[in-house]
Every structure is written in C-alpha cells, then in structure tokens.
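Data block below; observations after.
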Amino acid sequence: MEKHYWRSLAECENRGELAAAAEPEFAESPAREIEAGPSRRGFLKAAGFALAGGALAGCSRAPGEKAIPYAAQPEGLVAGRAQYYASTCGACTAGCGLLAKVRDGRPIKLEGNREQAISRGATCAAGQASILGLYDSYRLKQPLAGGKPATWEGVDRAVLEKMERIRAGGGAVRYLSETVTSPAKQAAIDRFLAQFRDARHVMYDAVSASAILDAHERTHGARVLPHYRFERADVIAAFDADFLGTWISPVEFARDYAARRMPPNMSWHVQFEGRLSLTGSKADRRIRTAPGEIAGRLAQLAAFIESNGAGGDDLAARLLQARGRSLVVCGVNDLDAQLWTNYINHLLGNYGATLDIERASLQRRGSDRDLADLLAELKQGQVAALFIDAVNPVADLPGVAGLDRIGLFVSFAGSVDETAERAHYICPDHHYLESWADAEPVAGLVSLTQPAIRPLGSTRAAIETLAAWSGHPAKAYDLIREYWKDRFDWDRALEAGFAEVPRTHAAAPRWIGRKPAPPAAATPGYAVDVYAAVGMPGGRHAYNPFLHELPDPITKTTWDNCALLSPAAAASLGVGDGDILRIEAGAAIEVPLLVQPGQHDQVVSVALGYGRKASERFANLGPRWINHKPTINANGRVGANAAPLLAFEHGLLRYQRGGAVVAKTGRRIELALTQTHHTLSVPKHLAPAGGEVRPIVREIAPAELGKPEHAETHEELWPDDHPYNGHRWGMAVDLNACNGCSACVIACQVENNTPVVGKDEVRRRREMHWIRIDRYYSGPPEDVRVAHQPMMCQQCDHAPCETVCPTLATVHSDEGLNQQIYNRCVGTRYCANNCPYKARRFNWFDYPREDRLANLLLNPDVTVRSRGVMEKCTFCVQRIQEAKIEARRNGAPVRDGEIHTACEQACPAGAIVFGDLNDPSSRVSRLAHDARQYRVLDELNVRPSVHYLKIVRDEKQQGEKHHG
Amino acid sequence: MKSRILSIVLGLGVAFSLMLLASRAAMFHLPGNHQDYEPVQPIAYSHRLHAGELQMQCQYCHFGAESSRHAGIPPANVCMNCHRTVTAPLGAVRAEDELAQKEKRAPRPVVSAELRKLYDAVESGRPVAWTRVHSLPDFVYFDHRAHVNASVACQQCHGPVETMERVRQVSDLSMGWCVNCHREANRTGIAGRRVNASTNCSTCHY
Amino acid sequence: MAEVCSPLRPALIAGDKKPAGVTEDICRALLRPPSALWWGGFSVAFSLLLAGVAAVSYQIATGVGTWGLNTTVGWAFDITNFVFWVGIGHAGTLISAILFLFRQKWRTSVNRSAEAMTLFAVMCAGIFPIIHTGRPWLAYWLFPYPNFRGPLWINFRSPLAWDCFAISTYFLISAMFWYIGLIPDLATIRDRLQPGLRQRVFAILSFGWNGSYRVWQHYEVLYLLLAGLATPLVISVHTIVSWDFATAVIPGWHATIFPPYFVAGAIFSGIAMVLTLMIVARKAMGLEDYITHRHVDAMCKLLLLTSGIVALAYATEFFTAFYSGNTYEQFVFLNRARGPFAWAYWTMVGCNVFVPQLLWFRSVRRRLAIVFVLCILINVGMWFERFVIIVTSLHRDFLPSNWAGYQPTIVEVATLLGSFGLFFTCFLVFCRVLPVIAMGEVKAVLRHGKSHGEQA
C-alpha cells in the first residue's frame with residue numbers, strides 16, 4: 001500500500017528527491033497510521049465478521065505489509081520518537097513562539113514555547129489550527145504564469161525582463177503586504193524596491209490598528225504601537241478592544257490579564273462595547289456602548305479624571321487610585337477615540353508603566369492612509385507593477401478596482417485566492433513550517449522560524465524570490481543569518497527559538513500632544529460593526545475546517561457568520577435566529593440573524609473573513625447519506641463576506657459605521673449551533689419550586705472569597721473499589737481564568753485525531769469535539785453576565801458509563817482514568833445516555849478522510865476511530881503513557897508538570913491544570929483543596945476527577961465595596 | 001455382501017474426510033492470528049548467522065528498541081558498518097584466493113548475490129523494502145522501550161531468532177498472550193526484580 | 001383435559017359443537033386456499049416488511065447516523081420499538097401460562113394465537129438491540145464466550161447484558177411451550193391430509209403422536225411444567241428490560257417503580273394486541289363460535305385492570321418526583337407534561353388512561369368495532385409511553401448546554417413499519433399453515449362432553 005501512497009504524494013509534490021528522502025521517513029509504522037484512516041476501519045469491520053471469516057482465516061496469512069527503513073538514517077533520529085523544533089507561529093503577526101512536534105518527519109502538533117515572551121507556552125485556536133495549512137492539498141505546488149503551471153526559471157526570466165521595462169519607463173512600483181514583522185524580510189523588500197525610482201511599500205492589516213499608530217504619531221511624534229502590559233494594570237478600561245480574543249496579540253494579553261486576575265487581589269476590568277466580545281464576557285462590569293459613543297465616553301472619562309474624580313464616576317475614581325497601574329485601551333479604528341485614549345493614559349501616567357513605547361510592539365504597522373492612496377492609484381491605473389504578499393485585498397477590502405490595468409501583477413500567495421487569481425504571476429511562498437524566517441514582534445525580541453519539514457511542493461520563500469529579483473539571489477537561511485550576524489548567538493537562539501537583542505534606540509518618545517478636540521456626535525440609526533471572530537481572525541484562515549467547525553465562544557455558531565442583533569432589536573424587526581437579513585451601509589450584504597444577548601440595541605455586528613473562495617472546497621464535506629445537507633451556503637461558500645460594509649473615512653479603514661439599514665429578506669436558513677439553551681435557569685413554565693437555576697457554574701463576589709461552602713458528605717453503600725496506589729490523574733479548571741478562547745478545543749482536535757463532521761452534522765448536534773466550552777448567560781438580556789465552562793470527560797470514580805457498558809469497552813484504570821477502548825466498543829450508546837455531562841461522542845458515520853495529504857497530520861499515537869464507536873476525552877492518555885515509560889527508562893518518577901494534556905498545554909490563561917491527585921504537593925491537588933473548588937453535579941456522587949474553581953466577579957460600585 | 005462393501009466404502013470415506021479435517025484443524029488460526037508467519041524477505045538475511053553464530057547483539061541493528069516504541073529495521077548504512085569490508089561468505093573468498101594463486105594472479109573481489117542487493121540499495125539510495133513479520137492491529141500500541149528497559153529478553157516474544165534462517169512469528173501475539181505475560185510478570189517479577197506490568201486497557205489501547 | 005364444566009356457567013364455545021365439528025371448523029381454514037382478504041393483508045404486511053429490510057440494510061451499510069439521534073438523545077425509536085415489542089409479547093405468555101395455571105378455561109380458544117403472537121413479537125423485539133448498535137456485526141460480543149483476549153468477558157453489571165439473556169431465554173421457552181401445545185393438533189392435521197409432501201411434513205412435525213393415553217399423560221405433565229417455567233418469565237423479562245432505565249442515573253429513568261410499572265404496561269399492551277388480532281381473525285376466519293363475546297369481555301376487563309395500574313404508575317412517578325425534592329427529577333416531569341414533547345406525553349395519557357375507561361360500559365365491551373378501535377389506540381399509547389420515557393428524559397438532562405431536540409428520520413420510521421410488517425407477515429402465515437385454535441384444548445371444554453354425562 002505504501003508504494004501506491006508514495007506515488008500519490010509524489011504526484012502532489014512533483015518532486016522526486018523529496019519523495020525519495022521522505023519515503024523512509026514515513027515507512028515505519030507511521031506510514032501505516034497515515035494509511036490508517038481507511039485501513040483501520042477496514043480492519044475493525046473485518047474483525048467484526050470473525051465468525052464468517054473464521055474458516056477463511058484458517059488458511060489466511062498476514063497481509064504483505066512492508067517495513068521500509070532509511071537508506072541512510074539521519075543523525076539522532078529514531079523512528080517513533082518525536083522531535084521538537086523551536087519556531088514561530090505564522091498564523092498572524094503576533095509572533096508567538098512555537099515548538100513544532102515532528103514525528104518521523106511529519107509536523108503533527110504545535111505547542112507554545114514556554115521561554116518565548118509572547119507565547120509563554122500558549123497558543124490561540126487559529127495558531128493551533130494553522131498546522132493544517134501545511135497539509136492543505138489546495139496549496140500551489142509550483143509557480144503559475146497566467147494561471148498555468150510554470151517553472152521558477154521561466155517566471156524569474158519573465159518577471160525580470162518586465163521589471164526591466166518598468167525601470168526604464170519609470171512606472172510606479174507598489175509592494176502591498178500585511179505588517180512585515182521580519183526585519184530580514186523588510187530589508188529584502190527595501191533592497192528590492194530600491195531598484196525603482198517610484199516605488200513604495202504599502203502595509204495594511206486586515207484588522208487595522210492604523211488609528212492607534214497615527215494617534216501616537218500626533219501625541220508622541222513617533223508612529224508606534226505601544227506594547228500593552230496588562231499584567232501591570234490594576235484597573236483596566238477597555239473600549240471596544242477584544243484583547244482576549246483577537247486584538248493585536250491575544251495570547252500574550254490573555255496570559256498577562258489572567259496573571260492579574262488571580263484572587264484575592266484581582267485587577268478590576270470594565271468593558272465598553274456594542275458587541276458582546278470575549279473580553280467583555282470576562283469584565284467585572286460591562287457597559288453597552290455603541291461604536292459612535294465611544295469617543296464621547298472617553299472624552300467624558302477624561303473630564304472626570306482631569307477634575308480628579310469630581311462627579312463621582314466609579315471608573316474614574318478607580319483609575320485615579322491606580323495612577324500608573326491602570327490601563328485604558330481602545331480598539332476603535334478612529335483617530336478621535338485613540339487621541340482621547342492616549343490623553344487619558346497620559347493623564348494617568350500610564351506611559352512607561354502599562355504602555356511600553358520604548359520597546360514598542362511591531363505586530364501592527366499597517367497604514368490605512370497609504371492603503372487608501374494605493375487603491376486610488378489603482379483606480380486611476382497609475383500603478384505599473386504591483387507585488388502582493390500574504391494579503392488578499394480583493395476579499396479583505398471594499399472597492400478594489402483597476403487591477404486589470406496593472407502592467408506587472410505578481411502575487412506571493414500560497415494558494416489561488418481572490419486576488420492571486422487575477423495576478424499575472426503567482427510565486428507561491430512556503431508554509432511557515434517549511435521556511436526559514438525571523439520575526440521581531442516586540443522591539444528587541446527576535447523570534448526565529450526554522451523549517452520542520454522539507455517543502456512539500458516546489459514553492460519558494462518570498463524573501464528568496466525578492467533576493468533573486470534584486471540581482472543577488474540567496475537562500476533564505478543565508479539572508480537571515482547575514483542580517484542578524486553577530487547580533488546574537490545563532491545556535492543558542494535557534495535552539496531557544498528566540499533571542500533578545502539590545503535595542504539601539506533613542507529615548508522613549510515623549511508626550512507632545514495636547515487635549516484633543518471634542519469628538520463629533522454619533523450618527524443615528526443602526527451602526528454596523530464588522531469584527532474579527534475568535535474562530536476566524538481573518539480571511540486567510542478560511543481554508544481551515546478546524547476553525548470553521550470551532551463554535552464561536554460567544555455565539556456558539558459554526559460554519560457561518562451571522563448578523564448579531566440584540567433581542568430587543570430582533571423583536572422590533574420581527575425576526576429570529578436564522579432569518580436572513582439584508583444589511584445596507586454603502587454596499588449591502590445578506591447574512592442570517594443570530595439574536596445575541598448583551599448586544600447594543602442599535603448595533604448590528606458581522607464577522608469578517610467569511611465568504612471566501614478558499615471555503616468553496618467544503619462543498620461536499622461530511623458524511624454522505626440521503627438526508628445530508630451541504631456545508632456551504634447558497635453562495636457556494638461558508639458565510640458571507642462583510643468587506644463591502646467597510647469604508648475609508650479620512651484615511652482610516654472604518655470597521656464601525658453609523659447609518660446602516662437592516663431589513664429582513666423573508667428567507668431563512670438553519671444555523672449550526674452547538675448550544676441551544678443558553679442559561680443555567682430552566683424555562684419559567686417548567687421550573688420546579690426553588691430549582692430554577694442549576695448550580696453548574698458558580699460565581700462569587702470578592703467578599704465571599706475564602707468561605708468554602710460546606711461540602712456534602714456522601715454515605716458510601718459499598719467499599720471503595722478503586723484504591724489508586726500509584727498515580728491518580730486529575731484536573732483542575734479555573735473558571736475565573738478561563739476566557740473561552742477555545743484554543744484547547746482545537747489543540748485537542750489536532751492531538752486526538754478528532755474528525756471534522758461538517759455543518760449538517762453540527763446542526764444535528766453531533767459535533768465531535770472532546771472538550772467543549774459551555775457558555776451560560778445570566779442576568780437581563782441587555783446586561784448579561786457570561787460564564788465559560790470547559791467541559792470534557794470528568795473521569796468519574798463512580799462512572800455511570802462504566803456500569804452500563806455491556807462489553808466492558810469503558811472501564812476504570814487503577815490510575816483513576818475512565819478508559820474508552822474503541823476496538824471493544826460495539827456502540828450501544830448506553831454509556832453516552834448515562835453520562836450526566838454528555839461528554840461522550842459517537843461516530844455516527846465513517847467520517848471521510850479522503851484527503852491523503854491532510855491525513856499526514858494524524859497523530860500516530862492515537863487510534864483513528866471507526867464508525868459506530870464511542871469516543872471521549874482520555875486525559876491525553878498517550879501523553880501519560882509516553883511520560884511514564886520515559887520516566888521509567890530514566891529511572892526517575894514522573895514529576896508534577898511533566899505531563900501536559902493538549903488542552904492544558906495550549907491554554908493562554910493557564911486555566912487548566914493536569915496532574916496527580918495522589919501527590920499532595922502537585923499543583924492540581926493544591927487546587928483541588930482551594931476554597932473556590934467545587935465539582936459539577938457532585939450531588940450525584942459520581943466523584944468526578946475534574947475540579948472547577950468558582951468565578952470571582954466584582955460588580956459592586958466602589959463605594960459599596962466593603963459591605964459585600 | 002453388497003451392503004458390506006457399501007459400508008466399507010462409506011467407512012473409508014468418513015475416515016478420509018476426518019483425516020482431512022484433522023489436518024485443517026491443526027493449521028486453523030483465528031482471524032488476525034498470524035502465528036508461524038514466515039515470509040520470504042527481499043534479501044536472504046540470516047539471523048542465525050548474525051545473531052547466532054556471530055553473536056551480534058540484537059540492539060546493534062534494532063537500536064530503536066531501547067529508546068523508542070519501534071525497535072526499527074536497521075537502515076542500510078548500519079549494515080554497511082561491516083559489509084563495507086565483508087562482501088561475501090568466507091568460503092567464497094577463500095575459493096577465489098586459491099583459484100587466484102593457481103592462476104598466479106591477484107584475487108578478484110568477490111561479492112555475493114544477496115549483498116549485491118544491499119549495495120545497490122545504498123548506491124541508489126532506494127531502501128530495501130523488507131516484509132513485516134510481527135505486525136499488531138492499528139489499535140494496539142506496543143512499546144519496545146518499556147519492555148527492553150524492564151529487561152524482558154527479546155526472545156521472550158520473538159522466540160529463538162538467533163536460530164532462524166528466516167524470521168518466523170513464534171508467538172500468536174494475541175491479547176490473551178500479552179495479558180497473561182503481564183500477569184505472570186507481576187507475580188514473579190522479571191530477572192528477579194519486582195515489576196509493575198500494568199493490565200489497564202489504556203496501557204495498550206488509546 | 002376432560003374436566004367437567006359447571007352447568008351454571010354459560011358455554012365457553014357457542015353453537016353446541018361436537019368434537020368432530022371443532023376439528024372440521026378449524027382445519028377448514030387450513031385446507032382451503034387463502035381468501036382474497038388474506039392475500040390483501042399479506043401483501044400489505046409483506047411490503048411493509050420489505051420497506052423495513054431496505055431501511056435496516058441501508059442503516060447498517062451507512063451508519064446509525066441515518067437515524068435522527070444525536071449526542072444528547074442516544075436512543076429513541078430503536079429502544080422504544082424494542083420495549084414496545086417485548087411488551088406485546090407478554091400477553092401471550094400471560095394467557096397461555098398464567099391463565100392455564102389458574103385454570104381459566106376461556107383461554108383455550110385464544111391461547112394458541114396469543115402464543116404465536118408472543119413469538120413473533122419477541123422476534124421483532126430481538127432485532128432492535130442488534131441493529132441499534134454502531135457495529136451490529138459485532139453484536140455477538142454481548143454474549144460471553146471463550147476467547148483469546150485474556151480472556152475478556154462481558155460486563156455482568158450491565159442491564160443490557162442481562163437483556164440478552166432475558167430475551168433469548170424468553171424466546172426459547174415461549175417457542176417450546178407453543179410447539180409442545182401444537183403437537184396434538186399437528187397430529188390431527190396429519191391424519192386428515194391426503195398422503196403427500198404436506199402430510200409427510202406434518203408427520204415429522206407431530207413427532208409420531210398417536211394420541212394414546214400415555215402420550216396424553218406425558219403431554220399434560222410436560223405442558224404443565226412448561227407453563228410453570230414460562231410464568232416467572234412474564235414477570236422477569238420486562239422487569240429486566242425496565243432495569244435498562246431504572247439502573248441509570250438519568251432523571252426520569254432512575255426510578256424503583258419501573259419493574260411493576262413496565263410489567264403492567266406490557267400486559268396492557270399485549271392484551272390490546274391479542275384483542276386486535278382476535279377480532280380480525282374471528283371475522284375473517286369465521287370463528288365466532290370459538291372466540292365469543294365472552295372472551296372479548298374477559299380481556300376487556302383485563303385491559304381495564306392493567307390500564308388502572310399504568311395510570312397509577314404515572315401518578316406515582318409524578319408524586320415521587322415532587323416528594324423527592326430533587327429539582328432535576330421534578331424538572332423532567334414538568335418537562336414531559338409541558339415541554340417540547342408534551343404532545344407525546346398527552347397522547348400517551350389519553351390513550352392509556354382515559355380511552356380505556358370506556359370499557360367500564362358493557363355496551364362498549366359488546367361492540368367489537370369500538371373495542372377494536374380502543375385496542376389500536378391503546379397500542380399507540382403504549383408505544384408513546386416508551387417513547388416519552390426514553391426521549392423526554394434524555395433530551396433535557398442535567399447540563400442545560402446539552403439540551404437538544406430529536407426528530408426521527410425516514411429510515412427510523414421505515415424501520416418501525418418494517419417491524420410491524422414482520423409481525424403481521426409472520427402472523428398471517430401462521431394463520432394459513434397452523435391451527436389458530438388449540439383443537440385439543442377446545443374439545444375439552446365443550447358442553448358436548450358434559451351432555452353425555454347427563455345421559456349416563
């Protein structure tokens with residue numbers, strides 16, 4: 001089988017020598033794992049027909065399976081042992097440090113780099129999912145010229161010769177890219193553009209921070225993006241900035257934020273926003289504010305602060321108390337709002353304390369003004385040559401025209417997107433896991449990217465392409481080493497994944513601004529608010545089924561972007577969930593409605609990054625059967641593109657604009673929601689006396705801290721049948737830290753080979769995620785409190801599933817694990833019915849795994865489950881086994897913190913802790929005895945091994961703080 | 001008379017079919033049980049010669065066994081450690097020498113047909129595709145590390161490989177076989193040391 | 001069975017039959033070619049069966065996903081049908097075994113078909129535990145058998161494992177009981193047939209019965225013993241089935257009342273099914289003299305009784321929920337009565353509690369048409385009882401985030417119809433090839449025997 005397999009991969013690589021090199025790498029058992037999808041299922045089926053097959057088997061012999069070693073084994077590589085390569089995440093410009101887990105030559109998992117300052121061991125959902133991009137079979141395998149496959153030599157010759165003409169003619173050359181965080185690449189670009197008389201490098205970000213940069217240019221004389229330090233802030237006021245979800249550097253911010261949210265002395269956080277964001281869901285107080293009112297609010301706050309808290313505004317008072325220990329952030333891409341934000345931070349003396357502009361952030365450098373100018377030039381056909389790198393303006397931006405009037409149009413896109421398909425030449429860049437690169441996300445921190453696998457296709461790093469076109473071709477590796485030569489110890493940096501470089505920089509820019517002018521009044525009518533969703537931070541991820549199937553942490557929708565309206569607004573329009581709305585603001589788009597508590601009554605929010613060409617591939621995703629409905633919408637894509645709703649206003653790309661018109665179309669679709677009952681209180685007319693609200697999630701005020709509620713003692717009917725002499729694995733989940741970012745969900749999916757099932761199956765409530773994040777609302781719909789609760793198999797001591805399974809397919813281990821043995825399971829689903837947490841997942845179908853290339857991502861240490869088999873969270877037992885065996889091999893016991901489950905490993909907030917409950921000094925057993933500790937449905941006496949820690953929220957006005 | 005002949009014939013028939021059945025029953029295997037599987041390998045490599053006569057350590061070639069779940073099939077460059085110099089059986093080399101002395105000429109290098117395959121592999125960089133003998137279902141995770149480091153002898157599972165010309169699967173590798181060995185080890189220990197050979201399902205199935 | 005029947009009691013068999021006449025009447029149906037009516041019924045039943053076969057094979061080929069189930073509602077039609085059919089079976093055993101032990105003479109003319117019904121119902125029931133598994137081809141793992149896995153047995157704590165034993169035992173005993181009862185009649189038919197294949201078949205089936213005194217004596221003893229064996233099964237089988245739910249932690253399932261509640265319900269639905277069939281067979285096969293109003297009347301009274309018990313069980317469930325103070329428990333029952341599946345709940349209550357009350361009136365009990373309709377309604381109600389227990393308990397359990405709905409797919413509906421198809425196909429075939437009424441036993445309760453006594 002391998003032989004056939006390799007031929008097929010060779011086809012999709014058309015690179016003989018790679019096939020040759022790769023063949024042995026995968027030829028040990030992992031290759032069988034690759035094959036596994038089908039063959040394993042085949043086996044299980046075959047095993048089923050044991051009786052019938054008995055006679056046959058009598059003479060049957062083992063399958064002619066090949067075991068192919070290396071011809072010459074690379075140094076230090078042992079088949080079956082994972083290797084970790086320090087690298088840098090390329091999913092966005094935040095630049096989180098990664099460790100790429102490579103098993104027998106295949107990167108199969110990304111883990112955060114604990115030492116690197118941005119990641120500190122964590123990743124976000126998009127980062128976790130981005131590894132799938134490496135095995136994306138739609139990626140270009142070679143350059144295209146005029147849409148036809150070409151050779152690099154050919155393309156180089158053609159491009160150079162065209163460039164020559166342009167140089168002669170002195171035409172305008174434009175290089176359009178997203179924020180370039182790689183200094184080496186920036187240098188290459190500059191060198192490349194230096195050849196031309198009229199050349200400009202234009203950077204823009206799909207989610208722009210241009211206003212912040214511009215504002216600082218005004219107030220500090222330098223176009224810098226402050227490095228926000230949430231871990232230093234005692235009081236945080238955020239204005240429409242979803243810094244835990246998608247804003248600038250969410251992983252870093254989530255870590256810092258969580259670090260200061262540990263009771264008892266927590267930071268205090270107020271959120272002003274129109275859409276209920278992930279960040280808003282964690283705030284102590286959340287104030288619904290329409291985008292138009294933000295600047296006004298800021299000005300008002302500034303006034304209070306100037307008058308030293310006169311007027312008794314609680315927030316102002318708190319901020320003043322915490323001068324230099326407070327932080328005001330604003331995510332609105334509007335100059336007024338940003339100027340006021342800077343002014344307030346200046347008044348509070350936060351610059352240099354909670355906002356670092358000396359070692360500023362370089363994660364957003366795009367300039368919307370430059371972009372606007374470029375678009376104008378394009379309209380008028382003034383651009384002779386356009387080079388587009390890693391952006392997709394046609395889909396990202398409104399009103400991109402005149403592309404067909406460009407003399408030379410080159411794209412570096414890895415696959416053919418809306419923009420690239422119109423380019424004359426596509427010179428595909430590597431996936432970041434294939435390439436050498438560097439990044440400087442924050443001034444002074446250089447994070448290196450090293451290839452974890454040889455390029456799967458004949459792609460070429462953009463930096464090499466640029467070098468080739470600048471006259472002195474060079475390899476990316478050399479270019480980067482050359483750039484950083486003797487700035488730091490290369491080998492050590494490569495091992496660590498990053499290096500600190502002394503910043504040769506003048507003193508921090510000084511405050512030169514003055515009090516901003518009073519902001520303009522908000523425009524009446526609906527404000528449309530285009531936002532980046534946690535599961536889809538940008539259109540570049542639209543190819544990724546993991547992210548499409550990830551339930552949005554707040555809305556719980558999958559496979560769609562919706563128009564979010566407040567219950568009141570929806571009622572006034574007479575529409576409900578799934579009704580398709582027509583939103584008109586300049587241009588018009590049609591999206592299904594989702595009624596969103598906490599939404600401002602005058603704001604309609606739509607997620608960007610949907611309705612992309614890349615999502616057309618999902619046309620026939622998921623199991624095929626008579627009632628199967630397609631995953632894509634009528635437009636042939638997943639969701640609708642919200643870009644037309646954006647517009648440029650005085651040189652800034654506005655994501656929020658007033659004067660939108662919302663109308664119903666009369667059509668409706670059924671949304672794929674993973675949660676349909678949103679509160680812990682049962683419907684009024686079904687509520688038993690005193691039982692309206694279920695104590696699944698528990699929330700307390702700071703005043704109630706340290707008062708453990710009396711634990712119910714359970715009478716044991718029979719002696720404890722689980723002694724647990726050795727380890728006893730358990731988990732603690734701090735609900736106060738968890739912000740619902742869902743990185744754990746994707747991490748688990750990648751680690752455990754969980755299938756993607758498609759929109760229709762999700763609609764039927766059959767999503768397969770082993771860990772889900774339950775989101776519960778409380779309080780009135782206009783002012784909701786939100787609780788996020790990661791819910792996975794609770795590994796109960798008295799597990800209800802174990803007693804009912806007739807075939808002993810789920811049994812208890814002597815280390816407290818509730819084991820699920822797929823190959824013994826016949827699929828009665830009795831265990832799932834009897835699970836109080838409904839943490840078990842059933843394989844309703846053989847979920848197609850036809851994409852051979854994508855199958856390379858499968859974790860060889862986890863069985864791919866066949867149809868008709870129950871599965872669930874295993875506490876990453878494969879990792880436990882690995883650690884135990886290694887420990888035994890080294891003759892040392894497993895230390896606390898040596899085993900990290902995939903979810904724990906990915907969590908930016910450090911909310912999940914896994915460990916040995918038998919070890920009194922382990923972090924998990926300390927948390928299991930914390931005063932905030934409780935267990936879900938403890939009254940059932942199923943004895944879950946997962947301990948939850950209560951949410952602490954300080955909603956009181958400061959005055960009434962004491963009598964709590 | 002006639003009836004007697006008939007009954008004799010019948011009796012013989014029955015006896016014959018019984019014999020057939022017996023022989024079939026002897027070689028009956030349940031599905032998935034490939035005990036006594038002894039495939040022909042691309043290179044007639046002799047474990048008897050290397051592990052038996054020359055007493056090479058198993059882990060010299062199968063070096064993964066101590067540090068990885070897979071013992072691993074040795075890459076060609078491991079073979080070359082010796083076979084860079086050893087190119088043919090001693091007998092063949094001697095014969096050539098004698099012949100050369102008779103013919104008063106320098107002995108030509110002798111390369112055995114089997115080793116030629118190895119050299120071709122090394123030169124072309126195309127690895128030798130051995131036929132896998134011991135193969136567990138995909139839902140079973142066996143880890144050589146754990147066993148080797150608990151000083152379980154290779155032969156305990158793989159049988160007297162050092163006596164085999166061609167490797168044969170000696171044990172049936174059924175779950176019962178594994179579990180019983182684990183139980184036994186917990187009772188008696190291995191090489192005098194107490195061991196904890198877990199019989200949890202998730203020791204092998206996950 | 002020549003016991004004396006009291007002259008004070010009305011005749012069990014109308015129209016002063018002679019034994020020969022009885023044999024005549026019963027065998028006539030078998031010897032004459034099937035009527036158009038029969039063909040009509042058969043074609044309908046058989047096409048339903050085919051639909052079911054198609055649905056099941058599609059489901060086995062494609063996956064349980066072709067049913068409307070989801071992560072929250074793991075069982076619905078499948079187990080509902082299972083419990084429903086097992087329940088249907090019970091009446092047969094009750095009538096043939098328990099009433100026999102209680103010497104209820106009137107049973108003689110219905111027990112044969114009731115037992116047949118039991119067999120067919122249990123066959124239908126048995127299918128569902130197999131096809132409801134994700135990997136039916138491995139369903140044999142539910143039985144303990146020696147193996148090379150260590151060895152690895154089944155989980156004897158699992159009610160589902162008990163089910164396997166309960167159902168298989170039940171089927172075996174009922175089949176044996178039924179067949180033993182058949183033997184004398186098979187012999188009778190054998191003796192009436194012209195020599196030929198059919199006659200030879202019956203000769204084999206009747207085990208060379210010669211009707212001698214000793215044979216009859218052995219027969220009687222064996223029959224009594226089997227009756228004794230079958231009786232506890234009436235109670236045990238459905239008790240065990242009820243444990244599938246009673247031993248679970250899910251509110252609405254976790255209730256000690258289930259065993260008696262289920263058994264009563266089973267007999268309730270079973271009797272209803274027997275009546276449905278009897279009323280049809282009586283008309284279609286002209287057995288008015290054998291299945292008299294008296295039989296219908298007696299069974300209607302049984303219906304009333306069991307309906308009463310079921311009603312009491314419903315009430316008790318609510319009371320325990322209320323009295324337990326367990327809010328999850330209370331919610332489940334409020335949710336049944338007023339939640340999204342309220343319609344199913346009230347259908348159940350309507351059909352099982354209110355409708356049967358009509359049977360208090362003699363006039364209703366005498367009108368077979370009405371009784372027939374009532375029985376159909378009762379069976380609908382009893383099917384919904386199981387549906388309500390299973391689905392409403394599951395679809396909204398502990399964690400609100402899990403709450404989900406349930407909608408059957410066409411495959412599921414076809415499977416349900418298919419099971420009815422199987423049942424009726426079997427029954428119709430039975431009516432054609434075997435005596436629907438136990439001649440041997442009926443003859444024993446004729447007036448005829450007694451009148452002789454008077455003359456003597």
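In the text below, chain A, chain B and the rest are named by the order of the sequence lines, each starting its count at 1. Heavy atoms only: backbone and side chains are in, while hydrogens, waters and symmetry mates are out.
The side-chain tip of A:Arg865 points at the ring of A:Tyr822 from less than 6.0 angstrom away and within 45° of straight on.
Here C:His132 and C:Phe82 keep their ring centres 6.0 angstrom or further from each other. Aromatic rings of C:Phe258 and C:Tyr261 (six-membered ring for Trp) have centroids within the 6.0 Å cut-off, being under it. In this structure, C:Phe384 has its ring center closer than 6.0 angstrom to the ring center of C:Trp343.
In this structure, the portions of A:Leu808 lying under 4.5 Å from any heavy atom of chain C include both its backbone and its side chain. Within the 4.5 angstrom heavy-atom criterion, only side-chain atoms of C:Trp253, from C-beta onward, approach chain A. Of the two parts of C:Leu69, the backbone and the side chain both hold a non-hydrogen atom closer than 4.5 Å to a non-hydrogen atom of chain A. With a threshold of 4.5 angstrom between heavy atoms, C:Ile131 does not approach chain A through any atom at all. With a 4.5 angstrom heavy-atom cutoff, A:Tyr830 touches chain C via backbone and side-chain atoms both. Of the atoms belonging to A:Met870, not a single heavy atom falls under 4.5 Å from chain C. With a 4.5 angstrom heavy-atom cutoff, C:Phe245 touches chain A only via backbone atoms. Using a 4.5 Å cut-off between heavy atoms, A:Asn627 touches chain C through its side chain atoms alone. Using a 4.5 Å cut-off between heavy atoms, C:Ala342 does not touch chain A at all. For chain C, the nearby part of A:Leu937 is the side chain; its heavy atoms alone come within less than 4.5 Å.
Of all the listed residues (A:Ala809, A:Cys835, A:Gly827), the one sharing the greatest number of non-hydrogen pairs under 4.5 Å with chain C is A:Gly827. Most heavy-atom pairs under 4.5 Å with chain C: of the set A:Arg765, A:Arg840, A:His685, A:Glu802, this distinction falls to A:Arg765.
In this structure a side-chain-to-backbone donor-acceptor pair under 3.5 Å is present from A:Glu549 to A:Gly758.
Residues A:Val784 and A:Gly779 approach most closely at CG1-O, 4.4 Å, considering heavy atoms.
Atom CD1 of A:Ile773 sits about 10.0 Å away from atom OG1 of A:Thr674, to the nearest 0.5 Å.
Salt bridge A:Arg841/A:Glu871: absent, no basic N to carboxylate O contact under 4.0 Å.
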